[in-house]
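Here the structure comes first, spelled out in structure tokens, and everything after it is commentary.
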Protein chains: 2
Amino acid sequence: MTNKSHDHEKAYRLFFGSLANKNRLEIINILRKGKKCVSEICQETGFEQTMVSHNLKRLETCGMVFVEQEGKHRYYSVNQETIKPLLEMIDGHMKKYCCKIVGECKKR
Amino acid sequence: MTNKSHDHEKAYRLFFGSLANKNRLEIINILRKGKKCVSEICQETGFEQTMVSHNLKRLETCGMVFVEQEGKHRYYSVNQETIKPLLEMIDGHMKKYCCKIVGECKKR
DNA sequence: GCATCATATGACTAATAAATCACATGACCA
DNA sequence: TGGTCATGTGATTTATTAGTCATATGATGC
């Protein structure tokens with residue numbers, strides 16, 4: 001296939017992979033409640049700063065969160081236009097299928 | 001935290017992880033175009049049957065696809081109610097951010 | 001310009017997930 | 001009931017990803 005479709009596929013993979021991770025999931029769920037800077041996220045989660053930064057970068061790369069500098073702090077917030085409704089929609093799906101998923105996993 | 005919230009988190013992780021993979025992404029995009037059985041998917045993609053089955057199982061576990069038996073064949077189809085609109089919404093996000101994502105990746 | 005606080009980055013190791021291989025099951029028909 | 005076609009499953013190997021450590025950058029105030 002062309003390079004373009006390869007890039008395209010890679011971007012999708014990166015996008016989904018961004019939330020296929022316990023820590024990033026926790027971070028984005030905190031940000032859903034409102035804008036936060038790195039150190040606030042560290043405090044709220046107990047995570048290491050470097051790990052939080054790495055993960056925020058990934059979320060930012062994928063267009064899931066935006067960042068703005070305020071003095072020495074950098075405030076992160078979820079993309080309200082696309083990601084907020086998307087996450088809500090996924091919550092809807094999960095309301096229906098979460099039990100099933102958990103159940104199937106436990107079988108193994 | 002409780003077991004319940006742990007399960008919850010695990011289900012989300014599994015859900016997102018399901019599409020964070022080149023092959024499953026290709027499979028679900030084929031299914032978006034219509035119901036297909038395993039061997040048809042193999043033909044269209046050139047993938048091994050066992051790999052396709054493993055991946056379909058994962059998609060099915062997450063409620064992304066449904067399966068129905070027809071003779072010796074098993075036909076898989078995307079969940080029209082929740083997953084179809086979800087994928088369309090993500091396509092919308094990607095239309096805006098795909099270039100950014102690809103770009104950021106290439107820097108490294 | 002230097003100290004310090006907040007955050008980012010790169011390289012490496014550790015953890016996780018995916019593909020493959022060998023085999024099992026299940027439907028159908030002779 | 002035995003053969004074969006379609007698909008599923010478990011175990012192992014291989015590949016990918018994430019977290020950590022050490023260090024860099026960047027803003028602020030003295």
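In what follows, every chain begins at residue 1, and chains take the letters A, B, ... in the order their sequences are listed.
- Side-chain contact between A:Y76 and A:L59: absent, with no pair of heavy atoms (C-beta onward) separated by less than 4.5 Å.
- Computed from coordinates, the A:F16 CZ to C:dT16 P distance equals 23 Å when rounded to whole Å.
- Between C:dA6 and A:R74, no contact under 4.0 Å exists linking OP1 or OP2 to a side-chain N or O.
- A donor and an acceptor atom, one from each side chain of A:S53 and A:Q49, are located under 3.5 Å apart.
- One atom, CD of A:E48, and another, C1' of D:dC21, lie 9 Å apart when rounded to the nearest Å.
- Phosphate proximity of C:dA19 to B:N23: present, with a side-chain N or O under 4.0 Å from OP1 or OP2.
- Taking atom CD1 of residue B:I41 and atom P of nucleotide D:dT7, one finds them 9 Å apart after rounding to whole Å.
- Contact annotation: A:Y76 side-chain N/O to C:dA8 OP1/OP2 distance is under 4.0 Å.
- There is no side-chain donor-acceptor pair under 3.5 Å between B:R24 and B:S18.
- For D:dG26, its base never sits under 3.5 Å from the side chain of A:Q69 at any donor and acceptor pair.
- What separates NZ of A:K22 from C1' of D:dT17 is a distance of 17 Å, to the nearest Å.
- Separating the CG atom of A:N21 from the P atom of C:dA14 is a distance of 19 Å, rounded to the nearest angstrom.
- Across all strands shown, A:S39 has heavy atoms under 4.0 Å from sugar-phosphate atoms exclusively, and none from any base.
- Counting to the nearest Å, the C1' atom of C:dA18 and the CG atom of B:L59 are 13 Å from each other.
- Here salt bridge (Lys or Arg N to Asp or Glu O under 4.0 Å) pairs that include residues 64-82 of chain B, with residues two or more places apart or in two chains, are A:K96-B:E81, B:K35-B:E68.
- Among the atoms of the strands shown, none is found under 4.0 Å from any heavy atom of B:F47.
- Side chain to side chain, A:S39 and A:Q43 fail the donor-acceptor criterion of an N or O pair below 3.5 Å.
- Residues A:Y12 and B:D91 meet the side-chain proximity criterion, which asks for heavy atoms closer than 4.5 Å.
- Minimum atom distance to the side chain of A:R13 is reached by D:dT17, of the listed C:dT7, D:dG8, D:dT17.
- Map A:H73 and A:M51 each onto its nearest nucleotide of DNA chain C; the residue landing nearer the 5' end is A:H73.
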Pairing of DNA chain C as dot-bracket, 5' to 3': ( ) intra-strand, [ ] crossing, | other strand, . unpaired, with Watson-Crick or G-U pairs under 3.5 Å?
||||||||||||||||||||||||||||||
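- Mapping A:Q49 and A:G17 onto DNA chain D by nearest heavy atom places A:G17 closer to the 5' end of the strand.
- Salt-bridge formation is not detected for the pair A:R32/A:E88: no Lys NZ or Arg NE/NH1/NH2 atom is positioned less than 4.0 Å from an Asp or Glu carboxylate oxygen.
- With the nearest nucleotide of DNA chain D identified for both B:L56 and A:H54, B:L56 has the one nearer the 5' end.
- The phosphate of D:dA18 has OP1 or OP2 within less than 4.0 Å of a side-chain N or O from A:R24.
- Atom-to-atom, CZ of B:R58 to P of C:dA19 comes out at 10 Å; the value is rounded to the nearest Å.
- Spacing between atom NZ of A:K72 and atom P of D:dA27 amounts to 12 Å, rounded to whole angstrom units.
- Checking side-chain atoms of B:E104 against main-chain N and O of B:I101 turns up no donor-acceptor pair under 3.5 Å.
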